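This report refers to the structure that appears directly beneath it.
Order of the sequence lines fixes the chain letters, A, B, ..., with proteins taken first and strands second; residue numbering starts at 1 for each chain. A quick note: this is a predicted structure, and the numbers were derived from the prediction, not measured.
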Amino acid sequence: MPYGCSSENMGRTVPTWRGRVEQEIERLVPYRRALSSEDCCNFDIMLNDVRYRRAAGGMLPTQEEWKPMLLSMLLGAHQRIHILENRLESLERQLIDVGVIDEH
Amino acid sequence: MSIEGSTGWILDAHLCSERKEMLVWIVPEQGPVFFHSDPWSPSLHVSGLISDLELLVDWLSQPEIVLKFGIINHLFEYKRLKLGLVDRTRVLTVEVETQSTLKPLAQHIEERGKHVRFTLYSVDLQPEQTYLTSKRLSIGSSVMIEHQQLVAIETEVKQRAMRCCRFEVIFCKNNGFVDDSTAISHVSIEECDAQGKVLEKSDTIPVHHPSFAVKLEQCLREIDPDVIFTQDGNTLALPALIAHIRRHEILLKLGRNCSPFRQIGSARTVHSYGQVLRSDPQFSFEGRIHIDFSSSFMFKEGGLSGLYELAVVSATRISDAARKSPGSVISAIQNRVAMEDEVLVPWKKTRPEDTKSAWDLLQSDRGGLYLDSKPGVYSNVFELDFASLFPSIIATRNISPETLNCSCCRPALNTTPLPLHPESAKKRFQLHKRKWQSASLAFPRQSSTAFQVPGLSTHTCGRIHGFLGRVVAPLIERRKQLKEQVKEKNDAVDRQQNALKWLLVTCFGYTGYRNARFGRIEAHEAICAWARELLLQTIELAQQSGWEVLHAIVDSVWIRDTQSRTYDQQHDDALALAKEVHAMTGIPLEYEGTYDCIAFLPSRVHSGGSLTKYWAYGADGLKVRGLELRQHSTCQWIRNLQQQALLILSQATDLVNGLPAYSVQKTVQALLLDELGKLEDEILTIADLLIAQRISREPSEESVQSLAMLAFQRHQAHGFPITLGSKARFLVREKDVKNPLFRVLLRDECSDLNAVARHVDITYYRQQAIRAIWAILTPFGWEEHQLTEVGVVRLDQWM
């Protein structure tokens, strides 16, 4: 194979953002193995939050991967908070409507 | 021979067998095809210090050097060496007798100059292309013979349809295996249409007939085809025919002149970016075009009309276009445009990548934007695609090796993209030309045709109309015109535009190819930066217009309504969005289709979205990307299974929120179980289960015993080794501990492909089938283990 090219990383000098994120996630495997099954589940959700936002991470070229990764995890957590807030609000409204709780 | 005053259009051109004359085959409006011969001697150009060049002249004048390389003449000329340069430089032109000595001479000169003193030009150009371009001609040009010279004429000669025939070599099969040493039994020639469909059956000619050559030549003379199609002609049929005529000392003339049928060059295995490919020899059907169905990618994509189109735009032979990859055709067009610009084509790329800081590299070495899809199924989704995004960026943002980071321009803040039409863009530069004539180039000057590349510290020149833009813009315009003329899918015009599509697809990649003579990595980076910016602008505009962007890949977006509009309203608004994006970016955004249902697949490794794996259906039928159905290695049984599963879903009437209901999904599962039953009952045929894999390297002792490796070894064991880069086709059988080679059964070993396949590896094929249906049902929420579970009731079944 000619110098400087591999089938995985054809024609690239800088590894792709996706590749770098996956590599970083791969490095976390020993940490994941030592987590409880409940934590493990949540940890996977956090990592998938990073995966869902890889395009945005790629728009932020940086030497180290953790800043965009952490931003993506925070955003994922914030999204869940937002969903919960909405549900809470809707439940509160229903309870107010049926007179179980007061509006104030 | 040509007669003074005769007219016609150019069908083909090539060097004659002595390689001292160029033969141009011309088709008149009426009457037989004739040729015009022109004396032809190739030449190369050398640049360097004048003192070094003068020493080189002394060296090349020595009789032994003159004799060895067949040097006819050498002279000093003034030529343009670089794109964008107006000044000409003094170079040494060396003329030689034949094309074959050009490269050895170039190597010799390079060694004389210790690989640093001289830069060589015009070494590996196609002689036919150089000849035609020097006369401003191309394939298909209308010409006249005037004073024994070939000249272009303005009145177009009416072109008749090309006459085609199929040339088949029938072998005496030996254990089912065939190679070029296998004995031939018959040769058949049948008239066919431009797609290779036989029109009239003709008799086969047995090779051991005493007058085999006479009969074959007579048969060919009667049909007098312009195009000869073969199946495996370059790899098997014609090498076997050559071996036969050599063995029996037969003189065969299959061309339109009297030169004997011969092989040009030999088969080679080549490496390209980690891939092993095979390069086959050529065969001399002089005056006729030879196309091997099995090895011509461009014929498969563009048909004969597509190949003709490529030959016209690149000024190369139709048979060469058939053998070339789209990238090589683009390279040929670049050479043609450079020659027309009177710029010498360098032999080797000498331009290194610009020096960059690590931070700049991080910023610039990025690809197109890819918005991750959320795995799942969605209804009523619109797809909008940019038409030829990357080539259009090249043309409208003037990206070219010589226009990047010039010292004469400073980009203005608000620039409007250049027009896509080549003539309009040319006019815009001509308008600015006058302003530049009086300007000093010592200091950068603000220009409205200079563009700042988004996010990078790169800009393009506003003074020079880029070379790459001038290469691609006519192709974009020609394709647009052809697309408007398409009457039905896959007609001749559609194939013609499809061939051009492939050129446009590859032209961007060639800017970053390290050996591309007119490539420059900074151009590649600038195009990617623009592509990201344009897609982001599109996404922003779509979101502002009440759409959810479900997915986006480089030049396409998939959008879904968020404002509860009626279907007709959605359709009109999607078109309006496309129009708005076109006006904003200067590049047409086209409506690709609406999908009743689209499914984005998750990755098999993690639950995130998978790259480019989706299936969809709508008014225009099925659209599948990245699934087993589209992979060359997949066996017919799996293909049928996946296709049938998609048909069941697309024809479903039981819908929930516009998507197939659970009962429909269960029908797909039943199909899988039914097919697995057939596999286990051993009623599938060999043809159903044959898989194909490309053999890229020879196995070593440390190699893993993969199926491809076993197939390679089994070929070897039979005495018919497979060439690297070729595909092995085989059946996967149960493992045999004693003999690992029993694991595969080669297609060539099977006398009847429709016979029932015995002893197949059921576990292997079962897993393949489950994976194929997983790809269809997992977007609905199915887990792999559920696919083979029977009688499990899901809660939503009751709803």
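- If you measure heavy-atom distances from A/E22 to chain B, the contacts under 4.5 Å come from the side chain alone.
- The structure places CE of A/M59 at 6.0 Å from CG of B/L369, a figure rounded to the nearest 0.5 Å.
- Within 6.0 Å of NE2 in B/H115 there are more than 12 heavy atoms belonging to other residues, nucleotides or ligands.
- With a 4.5 angstrom heavy-atom cutoff, B/P602 does not touch chain A via any of its atoms.
- Looking only at side-chain heavy atoms (C-beta outward), B/D372 and A/R18 come within less than 4.5 Å of each other.
- Crowding of A/H82 atom NE2: a count of heavy atoms from other residues, nucleotides or ligands under 6.0 Å not exceeding 12.
- Residue A/R27 places its CZ atom among more than 12 non-hydrogen atoms of other residues, nucleotides or ligands, all under 6.0 Å distant.
- Contact annotation: the side chain of B/S373 never approaches that of A/Y52 to less than 4.5 Å [non-hydrogen atoms, C-beta and beyond].
- Other residues, nucleotides and ligands place no more than 12 heavy atoms under 6.0 Å from the CD atom of A/Q63.
- One finds the OH atom of B/Y370 at 12.5 Å from the OG1 atom of A/T16 (value rounded to the nearest 0.5 Å).
- The two residues B/D365 and A/V14 come nearest to each other via the heavy atoms OD2-N, 2.6 Å.
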